[in-house]
**Student:** 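For reference, the structure I am asking about is given below.
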Amino acid sequence: MGDLTDLQRRISFIRRERGFTTDPVRMMVLLSEEVGEIAAELKRTWSPNYAAFDPKRLSDELADAFVMLAAIASEFNVDLASAVDSKFVRKDGEREWRSARSLHVTPDATDDTHPDG
């Protein structure tokens, strides 16, 4: 699989080929729906009232949400790879993150207990 820019282009092409909506407001509603489906899947990790959590279902919902996010970006000619690099990596990299003051984190380290934002 290619990089994020290529994936975003493929998503845009496939969505147009399938006749999916390109209206940004409708796509935002669909993105919100997909985020709700992610929440529903995550709820299965703790609630005994629902079927057991299945990482494959979560994977599918994350993919659906990503597709909608990429579609919205494409409608406004936003290259997500460039946008993430510019905002998250560079601009946010210049901020002081109080949540990270006591942590020593290497660029490729992962810590699922680290608070974001």
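Computation of the quantities below employed the complete heavy-atom set of this structure, encompassing side-chain atoms and omitting hydrogens, waters and symmetry-equivalent molecules.
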**Student:** Find out whether Ser86 and Lys91 are in side-chain contact, i.e. whether some heavy atom of one side chain is under 4.5 Å from a heavy atom of the other.
**Tutor:** no
**Student:** Quick one: CZ on Arg90 to OG on Ser82, what's the gap to the nearest 0.5 Å?
**Tutor:** 9.5 Å
**Student:** Do Glu94 and Lys87 meet the salt-bridge criterion of a basic N to acidic O distance under 4.0 Å?
**Tutor:** no
**Student:** Between CD of Glu41 and CZ of Phe53, what distance do you get to the nearest 0.5 Å?
**Tutor:** 7.5 Å
**Student:** Is there a side-chain contact between Ile11 and Phe66 (heavy atoms, below 4.5 Å)?
**Tutor:** yes
**Student:** What closest approach, in Å, do Asp60 and Lys56 show between heavy atoms, and which atom pair accounts for it?
**Tutor:**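 Of all heavy-atom pairs spanning Asp60 and Lys56, the closest is OD1-NZ, 2.6 Å.
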**Student:** Could you check whether any side-chain heavy atom of Thr21 comes within less than 4.5 Å of a side-chain heavy atom of Arg15, counting everything from C-beta outward?
**Tutor:** yes
**Student:** Mind checking the OG1-CD spacing from Thr22 to Glu75? Nearest 0.5 Å is all I need.
**Tutor:**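 Thr22 atom OG1 to Glu75 atom CD measures 4.5 Å (nearest 0.5 Å).
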**Student:** To the nearest 0.5 angstrom, please state how far the CG atom of Leu80 sits from the CG atom of Leu69.
**Tutor:**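 Output value for this atom pair is 5.5 Å.
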**Student:** Using a 4.5 Å cut-off on heavy atoms from C-beta on, say whether the side chain of Leu7 contacts that of Asp3.
**Tutor:** no
**Student:** Would you kindly check if the NZ (Lys) or CZ (Arg) of Arg44 is within the cone defined by 45 degrees around the ring axis of Trp46 and under 6.0 Å from the six-membered ring centre?
**Tutor:**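 No, Arg44 does not sit over the ring of Trp46.
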**Student:** Roughly how far apart are Leu62 CG and Glu37 CD, rounded to 0.5 Å?
**Tutor:** 11.0 Å
**Student:** Rounded to the nearest 0.5 Å, how far does CZ of Phe20 lie from CZ of Arg26?
**Tutor:** 14.0 Å
